[in-house]
Trainee: 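Take this structure first; my questions come after.
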2 protein chains.
Amino acid sequence: MEYPGRGDAARTMALLWDGAPVPRRGPRQRLDLARIIDAAIAEADRSGPAALSMRALAQALGIGPASLYTYVPGKAELLELMVDRIAGAQPLPAADAGWRAGLHGLAASDLATFRAHPWLLQVATSRTVFGPNVLTRHDAALALLDGYGLAAIDVVGCVTAVESYTRGAASAVVEAEQAPVLTESSDDEWWAQRAPLLSERMAGRFPRLTALEQAGAFAVSDLTLPYTLQRALDRFAFGLDLVLDSIGARIAAARD
Amino acid sequence: MEYPGRGDAARTMALLWDGAPVPRRGPRQRLDLARIIDAAIAEADRSGPAALSMRALAQALGIGPASLYTYVPGKAELLELMVDRIAGAQPLPAADAGWRAGLHGLAASDLATFRAHPWLLQVATSRTVFGPNVLTRHDAALALLDGYGLAAIDVVGCVTAVESYTRGAASAVVEAEQAPVLTESSDDEWWAQRAPLLSERMAGRFPRLTALEQAGAFAVSDLTLPYTLQRALDRFAFGLDLVLDSIGARIAAARD
DNA sequence: GAATACACCGAACGGTGTACGGTGTTTCTT
DNA sequence: AAGAAACACCGTACACCGTTCGGTGTATTC
């Protein structure tokens, strides 16, 4: 799954910013780019990030695999288009209710997006997609901290911190959410097989983990879906509050 | 690259916790598990996460591809072993110098590991590896906040927040670091091709981005490696301080 | 010495992303 | 009106992937 995006950057940029070029001669295109991207997103949602195959996508669209390449230079570029399209579907953070509500909303929206499209976590780690929607979103995020007296570099630092935290913490949430999904067809096979083996090996060692597990703050075995997911969501909110509290402190300090 | 780890969990657990079983009959094994894992890590470092192929690994080890499967059930399990082995090579966080130095050291060590093995960011997102070294490290991290009067659930929340932030922010650092690496062979091809196209499209829109760019806090084009990397590292430290400051506030509040 | 358990490997299966050449359709040019 | 050009579409093929299978030879055990 190394998609360095070698193929000419100009075409990718044009696709991201200007859409597909309209051909002036020859037969009409049977599909349009938006439909392809949406179908690809749906396919990826259904069957995982790298499980998205050009062949399956072509079949879902009713065309031959090779025909896809008349719309899109390759899979790497298609993934970039998918990322930017999803960014465009997200609501932009609003500064109306103050910086804290704005950043909170930004993080909540990002979390919801990662939960809806878990494969984004594996795609977006490699390199930022410089598409119009992604940049618009970034711009709106930076605007949230405008006018509070923070230095420009600190504005960027705070927004980046929220986004970094969100990405990392969203991984945990998605993991908690997906664990039983992958195994639901076979009665929690994954955990059912590992849990006894694990608690057997952990006996004696790991005093902290077992202590916290008994305090109800942690569980490494004996998991059920809603419990784990709720805990992951609680932790997400807890950590987000940590970050936001500190930003508040910086703002208060800058007000002097 | 969907590796659900279907193959029997018992064998994977045994490999993680007890090492490879020693055969009692037949010819001696020509390799040992540790060498295979190390070679796989080296291969992944060199050529990316999914670019690690069992065939190339076998060739690097001087055996046939099929022979790998006498040591390891499959690629998914091998990746788990790689993750745990790397966790074992990291220094454990020390509580000697107080919680803040301890958490800072934890994040710094994680960041260094992600920079040394960037593919971890794409592998570890899918599911936690329950190996001895990973768990030991987790246990030591939780111990850092022991004895400061925090509720058990908040201890977990704080440590998780640091780890989540680290993972997310490490992505940005690795991205800044890798961008020119991928293209060094062809004169910054990636950026050189995109930068002009990008600033052309950005003209006019994105007031915040361009303002911040002019303030020197941000740069979307006109990048050079050391500049970007240094800025990414600064941002990493800035956000980490945000998280740690808030943890300090919670500890102070709990002291009453 | 025979039986057994095992490491190793060549070949193959079903999958992937993508390149190429050909065919038929539409539009522009003359 | 007729030809040329540009284009969408697709069958096929290539190189690669992870993994399985059957066979072969070796070391230990009985």
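Reminder, nothing fancy here: chain letters follow the sequence lines and each chain counts from 1.
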Trainee: Expressed in angstrom and rounded to an integer, what is the separation of A:Lys75 atom NZ from C:dG17 atom C1'?
Mentor: 8 Å

Trainee: Could you pick out which residue, B:Ala56 or A:Ile63, lies toward the 5' side of DNA chain D when each is mapped onto its nearest nucleotide?
Mentor: A:Ile63

Trainee: Have a look at B:Gly64 and say if it touches a base, only the backbone sugar-phosphate, or nothing, with a 4.0 Å heavy-atom cut-off.
Mentor: sugar-phosphate

Trainee: What's the CG-P distance between B:Leu31 and C:dC8, to the nearest Å?
Mentor: 7 Å

Trainee: Between B:Tyr69 and A:Gly62, which has a closest nucleotide on DNA chain D that is more 5'?
Mentor: A:Gly62

Trainee: Quickly work out the A:Gln29 CD to C:dT26 C1' distance and round it to whole Å.
Mentor: 13 Å

Trainee: Would you mind checking if B:Arg115 and B:Asp110 are paired as a salt bridge, meaning a charged N to carboxylate O distance below 4.0 Å?
Mentor: no

Trainee: For A:Arg201 and A:Arg205, work out which heavy atoms get closest and say how close.
Mentor: O-NE, 3.9 Å

Trainee: Tell me whether A:Gln90 at atom CD has more than 12 heavy atoms from other residues, nucleotides or ligands lying less than 6.0 Å away.
Mentor: yes

Trainee: Starting at CG of B:Leu68 and ending at C1' of D:dG18, how long is that distance when rounded to a whole Å?
Mentor: 11 Å

Trainee: Can you tell me which residue among B:Leu120, B:Leu52, B:Val129, B:Ile36 is in a side chain to side chain contact (heavy atoms under 4.5 Å, CB included) with B:Met82?
Mentor: B:Leu52

Trainee: From the options D:dG18, C:dG10, D:dC7, select the nucleotide whose nearest atom is closest to the side chain of A:Pro23.
Mentor: D:dC7

Trainee: Please determine whether a side-chain nitrogen or oxygen atom of B:Arg28 lies at a distance below 4.0 Å from atom OP1 or OP2 of D:dT28.
Mentor: yes

Trainee: Over all heavy atoms of both residues, which pair between A:Gly62 and A:Arg30 is shortest? Give the atoms and the distance, please.
Mentor: O-NH2, 4.4 Å

Trainee: Rounded to the nearest angstrom, tell me the gap between atom CZ in A:Arg25 and atom P in C:dC28.
Mentor: 7 Å

Trainee: Measure OH/A:Tyr71 against C1'/C:dT18 and give the value in whole Å, please.
Mentor: 18 Å

Trainee: Please tell me if A:Thr70 has a side-chain N or O lying less than 4.0 Å from either OP1 or OP2 of D:dC9.
Mentor: yes

Trainee: Can you tell me the distance, in whole Å, between the CG atom of B:Leu79 and the P atom of D:dG18?
Mentor: 10 Å

Trainee: Name the residue closer to the 5' end of DNA chain C, choosing between B:Arg30 and A:Pro27 according to the nucleotide with the nearest heavy atom.
Mentor: B:Arg30

Trainee: Has the side chain of B:Arg55 got a donor or acceptor atom sitting under 3.5 Å from an opposite partner on the base of D:dG18?
Mentor: yes

Trainee: Phosphate oxygens OP1/OP2 of C:dA7: is one of them under 4.0 Å from a side-chain N or O of B:Ser67?
Mentor: no

Trainee: Mind calculating the distance between CG (A:Leu57) and P (D:dC9) to the nearest angstrom?
Mentor: 13 Å

